[in-house]
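Everything below concerns the one structure shown next.
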Protein chains: 2
Amino acid sequence: MSGRAYLVDDDEAIRDSLGWLLESRGVACLSYRSAEDFLDEWDPALAGCLLLDIRMDGMSGPELFDILRERGSRLPVIFLTGHGDVPMAVSALKKGAFDFVEKPCNDNELVNRVIEALRLDANQRAAASGADSLNSRLGRLTTREREVMERILAGKLNKIIAEDLQISMRTVEVHRANLFEKMGVRTAVELAQLLAGRR
Amino acid sequence: MSGRAYLVDDDEAIRDSLGWLLESRGVACLSYRSAEDFLDEWDPALAGCLLLDIRMDGMSGPELFDILRERGSRLPVIFLTGHGDVPMAVSALKKGAFDFVEKPCNDNELVNRVIEALRLDANQRAAASGADSLNSRLGRLTTREREVMERILAGKLNKIIAEDLQISMRTVEVHRANLFEKMGVRTAVELAQLLAGRR
DNA sequence: GTGGGTATTGTGGAAATCCGCAATGCCGCG
DNA sequence: CGCGGCATTGCGGATTTCCACAATACCCAC
């Protein structure tokens, strides 16, 4: 398993017991006594999931959650609370929390949720890395290549593209071949599929 | 607004007051005294959103919700409850409920939720109708045309497709032209974009 | 200024695509 | 049996794509 469980709770007894529980089921776990502590060490590259207490001294769980989302984190978050109310649970889930569980809870169930969350995160990261590599390739295109690419995706013939850009057809062919090379595709169809959903 | 709000609650006072509230804000509304009553009249074509009480005589709100989902309904559902607990709210939202609100609630807020839900449903239906028309076009293709299309999307040249299918290149060209016609596209690139995300 | 990256163009040929015209064979339906 | 839909094929020509080879020009950085 690539990711860890990050446990943020100001109650040491909870940290210890949950930490032990997770480790015993093979889930690596790091504990933090406050939201601030976690935020200090947080990095977009941290992979896994976050177990987050609602009420804590200092920054609350939901506050930390909001900050992480603002910073672009998609880390799955499982809220833990001893005093949860319905509106809070609803709000958390609608904002994209992975789960919301009341303490005390069924240990077995919680670990299963954590494992699901880890799997989700792994999948998200795999998808994101694909998107990154795509964007990186896209970024290496020159302006002209991008202009030609747009028109290829619009289904235009090289001849028309040449007229569009007021350059010779030969030049279009060159740009076309170069951008195919850079994008790692062999045909316009592959290019279209590669960029499917985007733009 | 195309959709209606369908209100299911066994408390007549609630049905009347919410019904009136919604109508007064311009949201057409139909009321049902039980989940069974609604289910009897339910049809996948019913557009709008469902306001669903949790506890009712006979079938409960969540039970109705599950049945609707099993039957393929994507009608946005807003749960209403006077005695909601956190696990129930979490379960409902994770299963895809649109919202979960406690009674008594802020009327204004509730109507806004309903309107959001109606908008969501309208969007979903628009997207689905697009998908339907696509599937319908796809369904009109002959077997051969589908075989050829698959290979076009795989980026194969007509020559290779002909070898693949053990037919002449000319035949491939004919199928290709016919399926382009049926799918309403002019180029392979358009076809790829049309089917982006699918298969 | 020299070198590298980018943009540009030309020539010319092999290969592939696009299409109209024409035709054959199979199959199921009325 | 005849009609219509589907699959198939051939011919031939206009158009396009794909590429190798070759070259000019601009701009920026070292």
Side-chain angles (χ1 to χ4, degrees), chain A residues 130-199, chain B residues 130-199:
Chain A
D132 278 357
S133 106
L134 176 56
N135 284 328
S136 143
R137 277 176 285 172
L138 233 27
R140 290 195 193 94
L141 298 181
T142 64
T143 304
R144 254 329 193 206
E145 286 164 352
R146 249 186 295 278
E147 290 171 339
V148 170
M149 187 179 75
E150 281 175 22
R151 289 165 174 78
I152 290 173
L153 292 176
K156 297 183 177 180
L157 296 179
N158 287 352
K159 189 189 206 177
I160 308 299
I161 298 176
E163 287 172 18
D164 257 22
L165 299 180
Q166 288 290 296
I167 57 182
S168 81
M169 220 180 84
R170 188 64 189 87
T171 306
V172 173
E173 292 174 47
V174 172
H175 287 317
R176 179 188 181 102
N178 289 340
L179 79 88
F180 276 17
E181 168 72 26
K182 287 183 182 175
M183 297 301 290
V185 300
R186 293 181 51 65
T187 69
V189 171
E190 283 179 44
L191 182 66
Q193 292 180 334
L194 191 61
L195 298 182
R198 184 177 317 279
R199 92 178 33 252
Chain B
D132 278 355
S133 108
L134 176 56
N135 284 328
S136 142
R137 276 176 286 172
L138 234 27
R140 290 196 193 94
L141 298 181
T142 64
T143 305
R144 257 326 194 207
E145 286 164 353
R146 249 186 297 277
E147 290 171 339
V148 170
M149 187 180 75
E150 282 175 21
R151 289 165 175 78
I152 290 173
L153 293 176
K156 296 184 177 179
L157 297 178
N158 287 352
K159 189 190 203 177
I160 308 297
I161 297 177
E163 288 171 16
D164 257 22
L165 299 180
Q166 287 291 294
I167 55 182
S168 81
M169 221 177 83
R170 188 64 189 86
T171 306
V172 173
E173 293 175 280
V174 171
H175 287 317
R176 178 188 182 103
N178 289 339
L179 79 88
F180 276 19
E181 168 72 26
K182 287 183 182 175
M183 297 301 291
V185 300
R186 294 181 49 65
T187 69
V189 171
E190 283 180 44
L191 183 66
Q193 292 179 334
L194 191 62
L195 298 182
R198 185 176 315 279
R199 81 178 51 247

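Per chain, numbering begins at 1; letters A, B, ... match sequence-line order. Note: hydrogens, waters and symmetry copies are ignored here, and every other heavy atom, side chains too, is used.
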Verdict with reasoning, B:Leu138 to B:Met149, per side-chain contact (heavy atoms from CB on, under 4.5 Å) = CA-CA 10 Å; B:Leu138 234 27; B:Met149 187 180 75; 3.8 Å; yes
request  = Could you check whether B:Arg144 gets within reach of a base, just the sugar-phosphate, or nothing at all, counting any heavy atom under 4.0 Å?
outcome  = sugar-phosphate
ask   = If you pin A:Thr143 and A:Glu173 to their nearest nucleotides in DNA chain C, which one's is more 5'?
value = A:Thr143
query = To the nearest Å, how far apart are A:Met169 CE and C:dG13 C1'?
reply = 14 Å
request  = Could you walk me through whether B:Ile152 and B:His175 pass side-chain contact (heavy atoms from CB on, under 4.5 Å), step by step?
outcome  = CA-CA 11 Å; B:Ile152 290 173; B:His175 287 317; over 6 Å; no
message = Can you measure A:Leu157 atom CG to C:dC18 atom P for me and round it to whole angstrom units?
response = 9 Å
request  = For the pair A:Arg151 and A:Ile160, evaluate side-chain contact (heavy atoms from CB on, under 4.5 Å) and give the outcome as yes or no after the intermediate values.
outcome  = CA-CA 9 Å; A:Arg151 289 165 174 78; A:Ile160 308 299; over 6 Å; no
Rounded interatomic separation in angstrom, taking CD from A:Gln166 and P from C:dT8 = 11 Å
remark   = Rounded to whole Å, CD1 of B:Ile160 lies from C1' of D:dC18 at a distance of 15 Å
query = Is any side-chain N or O of A:Asn158 closer than 4.0 Å to OP1 or OP2 of D:dT17?
reply = yes
query = Has A:Thr171 got a side-chain N or O lying under 4.0 Å from the OP1 or OP2 atom of C:dT8?
reply = no
request  = Verify the contact: side-chain N or O of B:His175 to OP1 or OP2 of D:dT8, cut-off strictly under 4.0 Å; return yes or no.
outcome  = yes
query = What integer distance in Å separates B:Leu179:CG from D:dC6:P?
reply = 13 Å
message = Quick check for you: among C:dC18, D:dC11, C:dG10, whose closest atom lies nearest to any side-chain atom of B:Arg170?
response = D:dC11
remark   = Out of D:dA7, D:dT9, C:dT17, minimum distance to the side chain of B:Thr142 belongs to D:dA7
key: Partner of B:Asp164 by salt bridge (charged side-chain N to carboxylate O under 4.0 Å, His left out), out of B:Arg144, B:Lys159, B:Lys156   = B:Lys156
note = note: B:Arg176, atom CZ; D:dT8, atom P; distance rounded to Å ~ 16 Å
ask   = Rounded to whole angstrom units, what separation is found between the CZ atom of B:Arg186 and the P atom of C:dC18?
value = 11 Å
message = Between P on D:dA14 and NZ on A:Lys159, what's the gap in Å once rounded to a whole number?
response = 13 Å
